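See below for the structure under consideration.
One is the number of the first residue; the rest follow in order along the sequence. Nothing here was measured: the structure is a model prediction, and the numbers come from that model.
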Amino acid sequence: QVQLQESGPGLVKPSQTLSLTCTVSGGSITTNYYYWNWIRQPPGKGLEWIGNIGYSGSTNYSPSLKSRTPTSRDTSKNQFTLQRNSVTPEETAVYYCASQAPSSDGYHSWRYWGQGTQVPVSS
């Protein structure tokens, strides 16, 4: 079974950079047509999609974000990473990594999720 595990430094101060890593086991991040995503959930709010990186290395991020949010990968370690610069306290959230895979109807569907990691943004 594919498993995803988020990891990072924990608390991030306002205006600093948030960096998180997702380690994937039981499957390759280069598997054809799979996409690897970052999602967050602020306290009391719904899920917000941040961005992703695809099996070929292509990337996308949410246009609702006020700045570009790079997502990269290390195929030798089967990991992908999130880097978000100049974070604000409002970005305090549980951050998840999750995969999308081809579904039987020809489109992609959510497949596997990490357990999430709490990231406080405060001084």
Side-chain angles (χ1 to χ4, degrees):
Q1 182 179 356
V2 175
Q3 294 184 333
L4 290 75
Q5 178 65 58
E6 304 91 347
S7 62
L11 184 145
V12 179
K13 295 182 178 180
S15 79
Q16 293 187 343
T17 298
L18 168 63
S19 296
L20 294 172
T21 297
C22 184
T23 301
V24 179
S25 61
S28 173
I29 61 173
T30 62
T31 299
N32 283 350
Y33 310 118
Y34 274 63
Y35 291 83
W36 307 91
N37 298 264
W38 289 104
I39 305 97
R40 66 187 179 188
Q41 185 172 34
K45 299 183 179 180
L47 296 170
E48 178 187 19
W49 180 73
I50 299 171
N52 65 20
I53 185 165
Y55 62 98
S56 65
S58 62
T59 58
N60 297 283
Y61 67 96
S62 173
S64 67
L65 300 176
K66 296 183 178 181
S67 62
R68 185 175 178 270
T69 303
T71 300
S72 59
R73 67 178 183 175
D74 185 338
T75 57
S76 67
K77 297 181 179 179
N78 213 36
Q79 296 176 329
F80 62 102
T81 61
L82 170 71
Q83 180 175 293
R84 178 132 178 89
N85 299 323
S86 300
V87 295
T88 66
E90 289 71 31
E91 296 188 73
T92 295
V94 177
Y95 284 74
Y96 299 91
C97 53
S99 65
Q100 289 175 288
S103 62
S104 59
D105 62 4
Y107 296 91
H108 285 77
S109 62
W110 296 103
R111 185 67 62 86
Y112 302 107
W113 289 69
Q115 294 191 83
T117 184
Q118 181 72 248
V119 181
V121 181
S122 64
S123 300

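- Minimum interatomic distance between S62 and W49 (heavy atoms only, all atoms of both residues): CB-O, 3.3 Å.
- Residues Y112 and W36 are members of one and the same hydrophobic cluster, defined by side-chain heavy-atom contacts under 4.5 angstrom among Ile, Leu, Val, Met, Phe, Trp and Tyr.
- Scanning both residues, I29 and Q79, for their nearest heavy atoms gives CD1-O, 3.5 Å.
- The closest donor-acceptor contact from the side chain of N78 to the backbone of V24 lies under 3.5 Å.
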Mind running ring pair (Phe, Tyr, Trp, His ring centres under 6.0 Å) on Y35 and H108 for me, showing each step along the way? CA-CA 9 Å; Y35 291 83; H108 285 77; 5.1 Å; yes
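- Neither side chain, S19 nor T17, offers a donor N or O lying under 3.5 Å from an acceptor on the other.
- Within the structure, salt bridge (charged side-chain N to carboxylate O under 4.0 Å, His left out) pairs that include any residue of residues 60-73 do not occur (at least two apart or interchain).
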Just do the ring pair (Phe, Tyr, Trp, His ring centres under 6.0 Å) check on W38 and F80 with the steps written out, would you? CA-CA 10 Å; W38 289 104; F80 62 102; 5.4 Å; yes
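- Of the possible donor and acceptor atoms, none in the side chain of N32 sits under 3.5 Å from a partner among the backbone N and O of Y55.
- Contact between Y96 and G114 at its shortest, heavy atoms only, is CD2-O, 3.6 Å.
- A 4.5 Å side-chain heavy-atom check between P89 and S122 finds every atom pair outside the cut-off.
- Taking the side chain to side chain contact (heavy atoms under 4.5 Å, CB included) definition, one finds that Q16 meets it with V12, K13, sequence neighbours left out.
- For residues 106-122, there are no salt bridge (charged side-chain N to carboxylate O under 4.0 Å, His left out) pairs, not counting sequence neighbours.
- When side chains are defined from C-beta on, I39 does not count as touching Y95, because their heavy atoms never get closer than 4.5 Å.
- T59 contributes no side-chain N or O that, together with a main-chain N or O of T71, makes up a donor-acceptor pair within less than 3.5 Å.
- Hydrophobic clustering, with ILVMFWY side chains joined whenever heavy atoms are under 4.5 angstrom apart, keeps L4 apart from L47.
- Residues satisfying the side chain to side chain contact (heavy atoms under 4.5 Å, CB included) test with S15, not counting sequence neighbours, are none.
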Derivation of the side chain to side chain contact (heavy atoms under 4.5 Å, CB included) call for T117 and L20: CA-CA 9 Å; T117 184; L20 294 172; 4.1 Å; yes
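- Counting only heavy atoms from C-beta outward, the side chains of L65 and I50 approach each other to under 4.5 Å.
- Annotation: the span from L11 atom CG to S123 atom OG amounts to 8.5 Å, rounded to 0.5 Å.
- T81 and S72 share a side-chain donor-acceptor pair at under 3.5 Å.
- Not a single donor-acceptor pair under 3.5 Å links the side chain of Q41 to the backbone N or O of V94.
- The disulfide (SG to SG under 2.5 Å) analysis of residues 87-123, with sequence neighbours excluded, yields the pairs C22-C97.
- In the hydrophobic clustering of this structure, Y34 groups with V2; members are Ile, Leu, Val, Met, Phe, Trp, Tyr whose side-chain heavy atoms approach within less than 4.5 Å, directly or through other members.
- Annotation: side chain of T88 is not in contact with side chain of P14 (no heavy-atom distance under 4.5 Å).
- Sorted by first and then second residue, the salt bridge (charged side-chain N to carboxylate O under 4.0 Å, His left out) pairs involving residues 21-48 (not counting sequence neighbours) are R40-E48, R40-E91.
- You'll find the side chain of T23 reaches within 4.5 Å of the side chain of T21, heavy atoms only.
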